[in-house]
J.: 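A single structure is presented below for examination.
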Amino acid sequence: MKTTHVKRAFKYRFYPTDAQAAELSRTFGCVRKVYNLALAARTEAWTLRQEHVSYNATSAMLTAWKKTEELAYLNDVSSVPLQQALRHLQTAFASFFAKRAKYPRFKSRKRCRKSAEYTTSAFRFRDGRLTLAKMAEPLHIVWSRPLPEGAKRSTVTVSQDPVGRWFVSLLCEDPTVQPLPPTTAAIGIDAGLDNLLTLSTGEKITNPRHERRDRARLARVPRELSRKVKGSTNRDKARRKVAKVHARIVDRRRDHLHKITTRLVRENQTIAIEDLTVRNLLKNHTLARAISDAAWREFRSMLGYKAQWYGRKLIAVDRWFPSSKLCSTCRAVRDTMPLHVRTWTCDCGINHDRDVNAARNILAAGLAVSACGAGVSPQREPSRTRRSVTKQETRRATVGIPVL
């Protein structure tokens, strides 16, 4: 069995003292300041002189900034998180030049995530106690789960969410993550709104609709916030109430998706899903709120890295594959299939549940893609000269797609 080396982040909640909270707050502010200064310098150099500024150049700038009277306060915090901020900016520019992301944006004090990253030279972990640089006492961490035996911690990230909760994330190599014993089980998954997931076995997983459960609070609490005076203590309290409602929704949704994806990966060797473009689907203003609550993108992301961890195969079927209009028995394709049609009868006499039929077709198409060696990444941009594997046959010719 192949040995894998997986790096995992173990996230825990901790409760800092007043001195630790003040130190971390200063660090967050300095990290944001250095990031914005470096971004402004790189933008100005390119705009005025068409000059590329490297990470080493920004690191030299940081040393010069610390020697000025205006930015002398940067010396009061650990230098490691400041250097890490410059590395993060370098990564952002690399993604931009590779056309994987947009141009980096400035960090806002109110809207951006408060976090600071420490490398091994800036923290000490002994006897289950974590002490960060510039701090005399270890952090009071609630160890909700044990760290892997013999794991070496490479980085520590401290963050604070909008609710005010403090978290520490330890990145380390987890030797306990090993490929699971191979199995012959394969499954197709059709994502939906009435049912979050419909499996090719006929099982339907109900959509919990976490956002809808708290919709009344989401309508009331922001109204209370809007009535508070800007800059007042009561407004800050009301803002935390709003953030608490959203955090509650996000936590429940993420926990539900983790349980589902772990179960699917453990039980099946091959998993076929549809390559949905969630960004385009959100342009439908009637369904955008429900689609966002379903979190299809996060579901696929979890399936992806868990399948890689445990030696499973994830196949993404082309988004243009007519999974709902195709009969899984006789392979005939209907001309139209409106969204309100949930059950339909094919000309061959088989009565289909729309979602179950789609899941079976997705599984069949995924197995065909895997068998012909076309890879799991469908074509992103449809081309007039090149068509994806699942679209090469005509409407009624289904050679190569196994019948369930």
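Here the structure is a predicted model, which is why all the values come from computation and not from measurement.
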J.: Do Glu274 and Phe321 come within less than 4.5 Å of each other through their side chains, counting heavy atoms only?
T.: no
J.: Looking at Val31, Leu132, Val34, which one forms a side chain to side chain contact (heavy atoms under 4.5 Å, CB included) with Pro81?
T.: Val31
J.: Can you check whether Leu264 reaches Leu199 side chain to side chain, under 4.5 Å on heavy atoms?
T.: yes
J.: With the side chain counted from C-beta on, respond yes when Lys114 and Thr27 share a heavy-atom pair under 4.5 Å apart, and no when they do not.
T.: no
J.: Roughly how far, to the nearest 0.5 Å, is the CD1 atom of Ile291 from the NZ atom of Lys283?
T.: 12.5 Å
J.: Check for a donor-acceptor pair, side chain of Asn357 on one end and backbone N or O of Leu326 on the other, with a separation under 3.5 Å.
T.: yes
J.: Aromatic rings Phe96 and Phe93: how do their planes relate, parallel, tilted or perpendicular, breaks at 30° and 60°?
T.: perpendicular
J.: Out of curiosity, Phe28 CZ to Ser115 OG, how far, rounded to the nearest 0.5 Å?
T.: 6.5 Å
J.: Please report the closest heavy-atom contact between Val265 and Tyr310, naming both atoms and the distance.
T.: CG1-CD1, 3.9 Å
J.: To the closest 0.5 Å, what do you measure between CD1 (Ile350) and OG (Ser328)?
T.: 8.5 Å
J.: A side-chain contact here means heavy atoms from C-beta on lying under 4.5 Å apart; do Leu89 and Leu39 qualify?
T.: yes
J.: Take the angle between the ring planes of Tyr15 and His140 and call it parallel below 30°, perpendicular above 60°, tilted in between.
T.: tilted
J.: On a heavy-atom basis, which atom in Leu139 and which in Met135 lie closest, and how many Å separate them?
T.: CD2-SD, 4.0 Å
J.: Flag the pair Glu224 and Arg220 as a salt bridge only when some basic side-chain nitrogen lies within less than 4.0 angstrom of an acidic carboxylate oxygen.
T.: yes
J.: State whether Arg342 and Asp355 are salt-bridged, where the test is any N-O pair (Lys NZ or Arg NE/NH1/NH2 against Asp/Glu carboxylate O) under 4.0 Å.
T.: yes
J.: Should the pair Asp236-Arg239 be classified as a salt bridge under the 4.0 Å nitrogen-to-oxygen rule?
T.: yes
J.: Do Arg312 and Asn268 come close enough that some side-chain heavy atom pair is under 4.5 Å?
T.: no
J.: Between Ser159 and Arg113, is any pair of side-chain heavy atoms under 4.5 Å apart?
T.: yes
J.: Would Arg153 pass as a cation-pi partner of Phe123, given that its NZ or CZ must be under 6.0 Å from the six-membered ring centre and within 45 degrees of the axis?
T.: no
J.: Does atom CZ of Arg209 have more than 12 heavy-atom neighbours from other groups under 6.0 Å away?
T.: yes
J.: I'd like to know if Arg248 and Asp214 make a salt bridge, using a cut-off of under 4.0 Å between side-chain N and carboxylate O.
T.: yes
J.: May I ask you to test the Gln160-Leu24 pair for a side-chain heavy-atom distance under 4.5 Å?
T.: no
J.: Shortest non-hydrogen contact from Ile362 to Ile189?
T.: CD1-O, 3.5 Å
J.: How long is the straight-line distance from CG of Asp161 back to CG of Asp251, given to the nearest 0.5 Å?
T.: 8.0 Å
J.: What class does the angle between the rings of His352 and Trp344 fall in, given that below 30° is parallel, 30 to 60° is tilted and above 60° is perpendicular?
T.: tilted
J.: Salt-bridge test for Arg289 and Asp293: reply yes if a basic N is under 4.0 Å from a carboxylate O, no otherwise.
T.: no
J.: With Arg87 as reference, evaluate Gln83, Gln84, Gln90 under the side chain to side chain donor-acceptor pair (under 3.5 Å) test and give the passing residue.
T.: Gln84
J.: Does a side-chain heavy-atom distance below 4.5 Å link Val229 with Arg235?
T.: no
